[in-house]
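Chain naming here is simple, since letters A, B, ... match the order of the sequence lines and numbering starts at 1 in each. Atoms considered below: every heavy atom in the structure, side chains included; atoms not considered: hydrogens, waters and symmetry mates.
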Amino acid sequence: MLKRTHNCGELTAENVGQTVILNGWVDAYRDFGGLVFIDLRDRYGITQVVFEPDQGEALIAAARDLRSEFCIGVQGTVAKRLTGKENPKLATGQVEMRVSELQVYNESATPPFDIQAGDANEELRLKYRFLDLRRPELQKVFIMRHKMNQIMRKSLSDQGFLEFETPILGRSTPEGARDFLVPSRLHKGHFYALPQSPQLYKQILMMSGMDRYFQIARCFRDEDLRANRQPEFTQLDVEMSFVQDEDIMTSMEPLVANLAQEFTGSAPQLPLLRIDYQECMEKYGVDRPDLRFDVEIKDLADLAPRTSFQVIQIAVQNGDRVRGLCAPGGAKYTRKEIDGLTAYVAEFGAKGLIWLKVEDTGLTGPTAKFLPEDVQKELIERFSAKTGDMIFAVAGPQGVTHQALSNLRIRLGAELKLYDPSTYHYSWVVRFPLLHWDAEEKRYVAEHHPFTMPLPEDLHYLDTDPTKVRAQAYDLVVNGEECGGGTIRCHDPVIQAKIFSLLGLSPEDAQEKFGFLLSALSFGAPPHGGIALGIDRMVMLFSGLTNIRDCIAFPKTARGYDLMTGAPGQVDLKQLRELYVRVVD
RNA sequence: GGGGAUGUAGCUCAACUGGUUAGAGCACCGGCCUGUCACGCCGGAGGUUGCGGGUUCGAGCCCCGUCGUCCUCGCCA
């Protein structure tokens, strides 16, 4: 083998005259018969190597047989390129290598898609992931991912956090997502579950006095996939003892700022904005608002009685909500485009979309006639609307208005270019509800997870009106994506038991499923809490990608297949028998 | 499980209202070429239109089913 002395991204004019060896893949070949150019590529860059006739016929002949993606080694001397023949697009474009020796390590079959173009369909790219991953665009993402892991490790380690590993084979616990199960061979009819997160282990570590824990942890959830969701994903998992919610947020902020500085070139001002969940839902209709633009949803129900607009009057009488927002510059939407927006909000259950153009003379639109002049004026004032804006409103049940308007808000923000898409906005949404009522299951369900500590001042609602209890919970939101979340945990066995009972877990069940936790809580458990950041999503955001698959080296398709390996696959009957597993319809 | 989009040469795409032998660029193969960097020029080969069925004189196109891929609702403590 010709062992490389340099990589393909580092030769410059300073190396001229040196004898060097490069290893890499043929990115492109340009064959002039008597003269052959090869762009040699590795993950560091591209260097042009040239085969000239004065090195002998055999060498030129061998060079002419090179094709895309052959893996080769070349030895030669670094030469300054002929004047005027430099390539400013390459970091190595001032020089080229004049080859004296060539070794082909491995020829390549004709690639199934054009690796340089990168426009092959995803199915094919995933099947040949090893080729797809040769693309510099993707390599960049994984280099970023590596750096992110390094920064996280260093930052937390410097703050006194210890890195732990927790089991992948654990036990299934109720609540939360569907578990991936692993049958036990040693115990017929018993199963391990892959962790949805290392939640309970990290809490136990606090009870063991480890004080500050972190892990770059793989998590598994057997739910349907989405553009930003994979069945296995990676979290930066953190837990701390003797802390309140503010302490967690405060200790994570420098890390977030570091990452932002490193990957986006600018760090947010600290402390980050904290938004109360209730206020957040009222203003933006979601718990993960995109705050790169400041359009806010406002309540309009109070105006209904002063109009002759029956639709909203009936809505208000039914206890529905009437809410709206003002789209700066939205008046330029055509009738057809507005129909499109109406169809869009209908996807979220909205029965209609009220629209009012703001003009010099007042509001116009098919429903403007229902609004007396003073109401129009008040509307304009309420939104600080300007000529050329458009006010949109939706009437309906709270959930519908929230969904319709929050999604409309995002769409308007993008279409009307209300923000610079290359910017980033970071904030905390805090004080989530502890529980919500699940009508189908006829019980309370934990909003975050069952081990969350209520706000002290809300504890009394546990007995009277549990949905009013707010939790010591916080989500990190970046550009409308939830990038992480955490809570202060319940370290009081009495409160924990009360929450389990609200969740419909009998004391016996609780003992059976979480006995170890309850036991640990009764041996001097410290107040503690933590957070987990979604690493895949942060890579996605910082690399400007819109799907999570390109942030994961070997991702799965929307149906959960790994197209490269063919997983999941069938197994031998013998394997199943050993596990006491039978396939049934 | 539901909704939407999609599948044509190795790749990216085209093919009118259902109508001749399904085309183009790139890639591939052969030839020419000593300064290219998306090299160029000449020539060639390459198709079960995802799969199965149906309608029709005739289907890439219409209908039914099925599979894959993408987006989405439900789901995701």
Looking at Lys556(A) and Asp562(A), does any basic side-chain N land under 4.0 Å from a carboxylate oxygen? no
Can you tell me, in whole Å, how much space there is between the P of C16(B) and that of G43(B)? 29 Å
For nucleotides 3-15 of chain B, just jot down a letter per nucleotide in 5' to 3' order: B, S or -, based on protein non-hydrogen atoms under 4.0 Å. -------SSS---
Between CZ of Arg125(A) and C1' of G68(B) the distance, given in whole Å, is 16 Å
Searching all strands shown, indicate the nucleotide that pairs with U20(B) (Watson-Crick or G-U wobble; both distances under 3.5 Å). none
Write down the distance separating the P atoms in A5(B) and G65(B), rounded off to the nearest Å. 15 Å
Same-atom distance (C1') from A9(B) to U21(B), integer angstrom: 16 Å
Using Watson-Crick geometry (N1-N3 plus N6-O4 or O6-N4) or G-U wobble (N1-O2, O6-N3), each under 3.5 Å, C28(B) is paired with G44(B)
Going by an N to O cut-off under 4.0 Å, is there a salt bridge joining Arg229(A) and Glu223(A)? no
Run Leu503(A) and Glu175(A) through side chain to side chain contact (heavy atoms under 4.5 Å, CB included) and show every step you take. CA-CA 9 Å; Leu503(A) 295 175; Glu175(A) 298 287 308; 4.2 Å; yes
Between Thr487(A) and Arg489(A), do the side chains contain a donor N or O and an acceptor N or O under 3.5 Å apart? yes
Atom CG in Leu102(A), atom CD1 in Ile60(A): separation rounded to 0.5 Å? 10.5 Å
Measure from NZ or CZ of Arg411(A) to the centre of the six-membered ring of Tyr344(A) and say whether it is under 6.0 Å with the direction within 45° of the ring axis. yes
Span that lies between the P atom of C39(B) and that of C29(B), in whole angstrom: 15 Å
For Lys140(A), is the NZ atom crowded, meaning more than 12 foreign heavy atoms sit under 6.0 Å from it? no
Which whole-number value in Å describes the distance from Arg226(A) CZ to G2(B) P? 14 Å
Any salt bridge linking Glu69(A) with Arg134(A)? Criterion: basic side-chain nitrogen under 4.0 Å from a carboxylate oxygen. yes
Pairing nucleotide - A38(B), Watson-Crick or G-U, each distance under 3.5 Å: none
Let me have a per-nucleotide readout for nucleotides 29-40 of chain B, 5' to 3', with B, S or -, counting only protein heavy atoms under 4.0 Å. S---BBBBBSB-
Between Gln199(A) and Glu347(A), whichever has its closest RNA chain B nucleotide further toward 5' is Glu347(A)
Here the distance between atom C1' of C71(B) and atom CD of Glu123(A), to the nearest Å, is 15 Å
Pairing partner of A9(B) (Watson-Crick or G-U wobble, both distances under 3.5 Å): none
Across all strands, who's sitting opposite A59(B) as a Watson-Crick or G-U wobble pair, both distances under 3.5 Å? none
Distance criterion of 3.5 Å, no angle test: do you see the side chain of Arg229(A) paired donor-to-acceptor with the base of C76(B)? yes
Using whole Å, what does the distance between atom P of nucleotide C76(B) and atom CZ of Arg537(A) come to? 14 Å
Ordered by number, residues from residues 497-509 of chain A within less than 4.0 Å of RNA chain B (heavy atoms) are none
What does Ser197(A) touch in the nucleic acid at a heavy-atom separation under 4.0 angstrom: a base, only the sugar-phosphate, or nothing? base
Point-to-point distance, once rounded to the nearest 0.5 Å, from CD1 of Ile488(A) to CE of Met240(A): 9.0 Å
Test of understanding: with ring pair (Phe, Tyr, Trp, His ring centres under 6.0 Å), list the residues that count as partners of Phe220(A), not counting sequence neighbours. none
Residue closer to the 5' end of RNA chain B, Asn228(A) versus His449(A) (nearest nucleotide): Asn228(A)
Taking the same atom, C1', in G4(B) and in A45(B), what whole-Å distance lies between them? 40 Å
Criterion side-chain contact (heavy atoms from CB on, under 4.5 Å) against Ile216(A), the qualifying member of Leu236(A), Asp237(A), Leu533(A): Leu236(A)
Tell me, which pairs form a ring-ring contact (aromatic ring centres under 6.0 Å, His included) where one or both residues lie in residues 480-514 of chain A, sequence neighbours left out? Phe451(A)-Phe514(A), Phe500(A)-Phe514(A)
Going by an N to O cut-off under 4.0 Å, is there a salt bridge joining Glu57(A) and Arg64(A)? no
Return the value, rounded to whole Å, for the distance between atom CG of Asp65(A) and atom P of C28(B). 13 Å
Are Arg549(A) and Glu122(A) within salt-bridge range, i.e. N to O under 4.0 Å? yes
List in numerical order all residues of residues 547-564 of chain A for which some heavy atom is under 4.0 Å away from an atom belonging to RNA chain B. Arg549(A), Thr557(A), Ala558(A), Arg559(A), Tyr561(A), Leu563(A)
Mate of U66(B) where both pairing distances stay under 3.5 Å, Watson-Crick or G-U: G50(B)
Is it true that, when you exclude Glu101(A) itself, more than 12 heavy atoms of the residues, nucleotides or ligands shown sit nearer than 6.0 Å to its CD? yes
